[in-house]
Engineer: 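Here it is, the structure in full.
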Amino acid sequence: MPSRAVPRVDADDPLAAYDKRRRPPMDIYRRHRPVHGGASHLRPGGPRVLEEWDGFAYQVIGTAPGLAAAQGWVDELQIGNGPAA
């Protein structure tokens, strides 16, 4: 994962700074959260809310029945290293 401490702005691209601002926090395009809040490790069998970055904010995409299924969904995108543009 590239470091966010070093700016990657192409001087020849007029929209480079705009594109950089639309990147998700910590370059995480997909994430999951417990439905009822709290730490995810306390209830690994509990349902999860699946969220995906849309360029401005995280949007709810669906749910997963447990931690293993949610992690599998998150890892599915990391193989390609970001969403298809």
Side-chain angles (χ1 to χ4, degrees):
M1 190 177 303
S3 171
R4 293 185 61 106
V6 178
R8 296 183 304 162
V9 177
D10 183 11
D12 297 329
D13 183 8
L15 298 176
Y18 172 76
D19 290 337
K20 186 172 193 275
R21 285 193 305 267
R22 293 201 51 197
R23 287 176 34 205
M26 303 296 293
D27 287 333
I28 299 172
Y29 288 92
R30 287 182 169 180
R31 68 182 186 183
H32 60 86
R33 301 282 181 242
V35 170
H36 302 292
S40 65
H41 67 282
L42 296 178
R43 290 185 302 268
R48 299 286 190 267
V49 173
L50 306 175
E51 299 175 331
E52 193 168 51
W53 183 256
D54 70 354
F56 297 100
Y58 284 102
Q59 300 296 322
V60 175
I61 300 298
T63 60
L67 180 60
Q71 287 175 336
W73 178 78
V74 169
D75 293 340
E76 193 176 279
L77 184 68
Q78 290 179 353
I79 293 170
N81 203 15

Engineer: What are the two closest heavy atoms between Val74 and Arg30, and how far apart are they?
Structural biologist: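 Where Val74 meets Arg30 most closely, the heavy atoms are CG1-O, 3.8 Å.
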Engineer: Which pairs of donor and acceptor atoms, one on a side chain in residues 55-71, lie under 3.5 Å apart (sequence neighbours left out)?
Structural biologist:
{"unit_1": "Tyr58", "atom_1": "OH", "unit_2": "Ile28", "atom_2": "O", "d": "2.6"}
{"unit_1": "Gln59", "atom_1": "NE2", "unit_2": "Asp54", "atom_2": "OD2", "d": "3.4"}

Engineer: Could you give the distance from CZ (Arg48) to NE2 (His36), rounded to the nearest 0.5 Å?
Structural biologist: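 That separation rounds to 10.5 Å.
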